[in-house]
Q: 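Quick one: the structure is below, and I'll ask about it shortly.
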Amino acid sequence: MCGIFGCTGRDDLGEVLVEGLTTLEYRGYDSAGLAVVGGSRAAPELRLVKRAGKLSALRSAVDGQDLSGTAGLGHTRWATHGPPTDRNAHPHVGGDGRLAIVHNGILENHEALRAELAGGVELASDTDSELLAHLVAVERDALAREAADVAAGAAQSATVGASVLGEATRRALGRCEGQFALAVIDARDPATIVAARRGAPLILGHGDTASWLASDVAGLIRHTRDVEALMDDQLAILTPESVSVCDLGGNPTRGHRYTVDWDVEAAEKQGYPHFMLKEINEQPGAVRETLLDRFDEHGRLRLDEEWVGDGELRRIDKVYVVACGTSYHAGMVGRYAIEHWARLGVDVEIASEFRYRDPILNPHTLVVAISQSGETTDTVAAAAHARDQRAPVLAVTNVVGSTLARAADGVLYTRAGPEIGVAATKTFLTQVVAVDLLALYLAQERRTLLAEELGDAFVRLEGLPELLDRVLATGDQIAELAAGLAHRDYFMFIARHAGLPIALEGALKLKEISYTHAEGFPAGEMKHGPIALIDDGGPVIALATRSHVRAKLLSSIAEVRARGAVVVAVATEGDTEIRAHADHVVYVPDVHELLAPVLSVVPTQLFAYHVATQLGRDVDQPRNLAKTVTVE
Ligand code: M6R
């Protein structure tokens with residue numbers, strides 16, 4: 001949800017900012033812009049370029065312009081207030097035009113602030129963010145007046161870290177309600193960037209001769225691995241030589257500083273036409289990584305961090321999984337494993353609904369919050385609500401140091417590496433495997449599985465990467481199927497039991513990147529209504545791998561075929577009988593039915609990918625979406 005990138009200490013700011021935004025474009029691509037403090041040392045000035053549309057429009061606009069300078073900010077936008085036009089693109093300029101701001105988030109009291117500023121300033125956009133630029137400028141002018149009073153012998157004027165811009169930003173934020181990650185530059189303080197956050201991510205980068213900031217580490221790893229995640233209600237002052245952090249009360253503090261271990265290549269396409277295809281193909285390795293080193297020296301399964309004690313875990317009597325979108329589907333898959341192996345009741349909840357229905361939570365309720373980014377506002381808020389009710393929260397996330405990871409009592413990291421495609425693929429698979437691990441861990445602590453059974457289950461998990469390689473080999477067959485079906489205007493996905501989340505996920509992926517209407521249904525529900533949608537040749541994709549309810553699924557397939565549906569079945573290798581029930585069959589290797597979703601989801605990802613490319617869609621940056629949703 002909007003990408004922010006900034007640098008102080010490099011002269012070639014135009015190139016540096018556009019390159020930084022390139023790694024963040026997946027966060028929003030309605031418009032893009034940059035501002036640098038350039039001009040001469042004696043008379044620094046603000047230079048601004050912004051364009052509606054994708055980053056390519058900005059790239060063309062900056063071509064040939066002198067955008068060298070001392071400090072600069074860039075922004076890719078996912079529109080909330082105001083349509084995606086040039087004037088609504090960030091950065092926004094405040095005061096006399098020498099100060100610029102980039103913002104990710106929503107100002108909830110924007111109407112009051114707009115009314116307050118109305119008499120004094122002329123607004124140049126429809127955004128809430130521009131108000132922030134003016135507020136900082138107003139505070140900066142007030143500070144200048146205070147400084148003049150000091151010079152005239154009046155009381156001392158207090159500034160954050162001796163920075164007028166820092167203090168002006170701090171005071172302005174004191175008047176703002178809502179969420180923000182923001183950064184400010186001012187031609188009067190040419191080498192300084194001030195940044196602050198509340199509820200939206202911002203990572204600072206420590207370099208030897210330059211300092212950086214970005215909405216996520218993917219933007220920084222080209223320049224530094226020494227990073228510091230700013231926490232909520234913290235403000236940072238960056239100069240080429242230093243990064244200092246204080247809270248919004250002005251007291252010195254620190255963010256969460258750590259070293260990033262992702263490499264630059266991991267965030268590049270490496271010859272694939274799209275990130276999504278690369279990430280689908282990376283799944284065997286990602287699953288392998290997530291399973292690595294999961295036993296302690298006593299042969300006991302462990303999570304990533306020490307958290308609630310064993311005794312407490314044995315007292316857990318209920319599990320809630322909270323998540324959004326694809327992560328929600330991963331939680332649905334995990335429910336089968338937790339209930340079956342750990343014998344605990346599990347409810348899987350859409351995070352944006354969870355806290356508003358007043359769920360019954362207490363110290364014996366385990367809340368598992370799943371989010372690849374660890375920044376999804378709905379999921380972070382659901383986890384915070386659970387903690388307020390004294391329920392222990394375990395985060396399952398791909399991002400070290402993310403808001404969710406820091407807010408939870410314990411963390412289980414998926415180790416998928418950076419995922420750039422907006423459609424989640426490898427993070428989904430690793431989430432499923434992580435929740436399977438959690439199920440086994442709970443079974444171990446609650447002693448619902450014998451050590452031998454636990455070992456067997458883990459060995460099955462360890463076998464998945466090799467089997468995934470075999471599933472990926474179906475790519476050509478799926479591309480051919482997709483070519484034949486791509487122009488249909490409606491797809492149904494049906495399944496039962498642990499296959500159901502894959503039906504929902506397959507439909508979501510297809511909608512998301514091909515813009516084709518698709519829906520997933522429990523196969524048994526078809527006859528209660530959705531079967532009315534079937535017409536001659538309507539494609540139905542059935543997740544029909546080996547399971548104890550396969551015969552029942554075959555009945556549902558027969559019912560839709562009887563009404564003219566063309567059926568594509570994802571089935572288990574060796575199942576020749578299925579050929580009589582389906583028009584097309586894609587085979588995946590045979591595994592335990594609780595693990596089958598890890599394999600059967602891959603053909604649905606590939607199908608969505610190939611349908612989308614057949615239709616000429618922008619696979620990695622589908623319309624209207626953003627990778628990380630940091631607004632409610
Ligand atoms: O970062 P998160 O896992 O919390 O994101 C949740 C959803 O926004 C995300 O899964 C979304 O549905 C994806 N674009 C699906 O491909």
Side-chain angles (χ1 to χ4, degrees), residues 1-3 26-29 78 199-201 215-218 274-277 279-280 283 286 321-334 348-354 367-384 393 395-405 407-408 411-414 416-432 434-435 501-502 504-515 518 520 601-602 604-609 612 617-632:
M1 203 104 302
C2 300
Y26 70 90
R27 298 179 66 86
Y29 31 84
W78 187 83
S215 296
D216 78 24
V217 293
H274 299 100
F275 279 111
M276 183 183 176
L277 188 59
E279 287 155 4
I280 290 172
Q283 293 184 114
V321 178
V322 292
C324 303
T326 288
S327 298
Y328 170 76
H329 297 149
M332 285 182 74
V333 179
V348 190
E349 305 256 353
I350 294 284
S352 53
E353 292 294 323
F354 182 65
V367 173
V368 181
I370 308 179
S371 168
Q372 72 80 20
S373 61
E375 301 294 349
T376 300
T377 297
D378 292 323
T379 309
V380 171
V393 174
V396 176
T397 182
N398 198 39
V399 180
V400 176
S402 56
T403 305
L404 186 65
V411 188
L412 178 48
Y413 284 111
T414 53
E419 185 176 73
I420 309 294
V422 164
T425 52
K426 63 176 178 171
T427 53
F428 170 77
L429 229 61
T430 52
Q431 285 168 345
V432 171
V435 182
I502 304 307
L504 303 181
E505 174 59 11
L508 173 64
K509 211 94 303 176
L510 190 59
K511 278 190 274 232
E512 195 177 17
I513 60 169
S514 74
Y515 319 150
V601 75
V602 178
T604 69
Q605 296 169 337
L606 287 166
F607 186 72
Y609 172 79
R617 307 297 192 220
D618 189 339
V619 171
D620 284 334
Q621 295 176 349
R623 71 183 180 201
N624 303 340
L625 299 181
K627 180 79 179 162
T628 308
V629 184
T630 52
V631 291
E632 200 181 344

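In listed order, ligands and their atoms are each counted from 1.
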Q: Measuring from each atom of ligand 1, which residues have a heavy atom under 4.0 Å away?
A: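 Residue list for ligand 1: Cys324, Gly325, Thr326, Ser327, Ser371, Gln372, Ser373, Thr376, Val422, Ala423, Ala424, Lys509, Glu512.
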Q: Please identify each residue that fulfils side-chain hydrogen bond (donor to acceptor under 3.5 Å, both in side chains) with Tyr328, with sequence neighbours left out.
A: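 Expected list: none.
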Q: Test side chain to side chain donor-acceptor pair (under 3.5 Å) on Thr326 and Glu505; report intermediate values, then the result.
A: CA-CA 6 Å; Thr326 288; Glu505 174 59 11; 3.0 Å; yes
Q: Nearest heavy-atom pair of Val321 and Gly331: which atoms, and what distance?
A: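 Looking at all heavy atoms of both residues, the closest pair is CG1-CA, 3.8 Å.
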Q: Which residues pass the side-chain hydrogen bond (donor to acceptor under 3.5 Å, both in side chains) test with Thr397, sequence neighbours left out?
A: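 By the side-chain hydrogen bond (donor to acceptor under 3.5 Å, both in side chains) rule, Thr397 matches no residue at all.
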Q: Does a donor on one side chain sit under 3.5 Å from an acceptor on the other, for Thr427 and Glu419?
A: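 The answer is yes; a qualifying pair exists.
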Q: Applying salt bridge (Lys or Arg N to Asp or Glu O under 4.0 Å), name anything that partners Glu512, two or more places apart in sequence or on another chain.
A: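 Partners of Glu512 under the salt bridge (Lys or Arg N to Asp or Glu O under 4.0 Å) test: Lys509.
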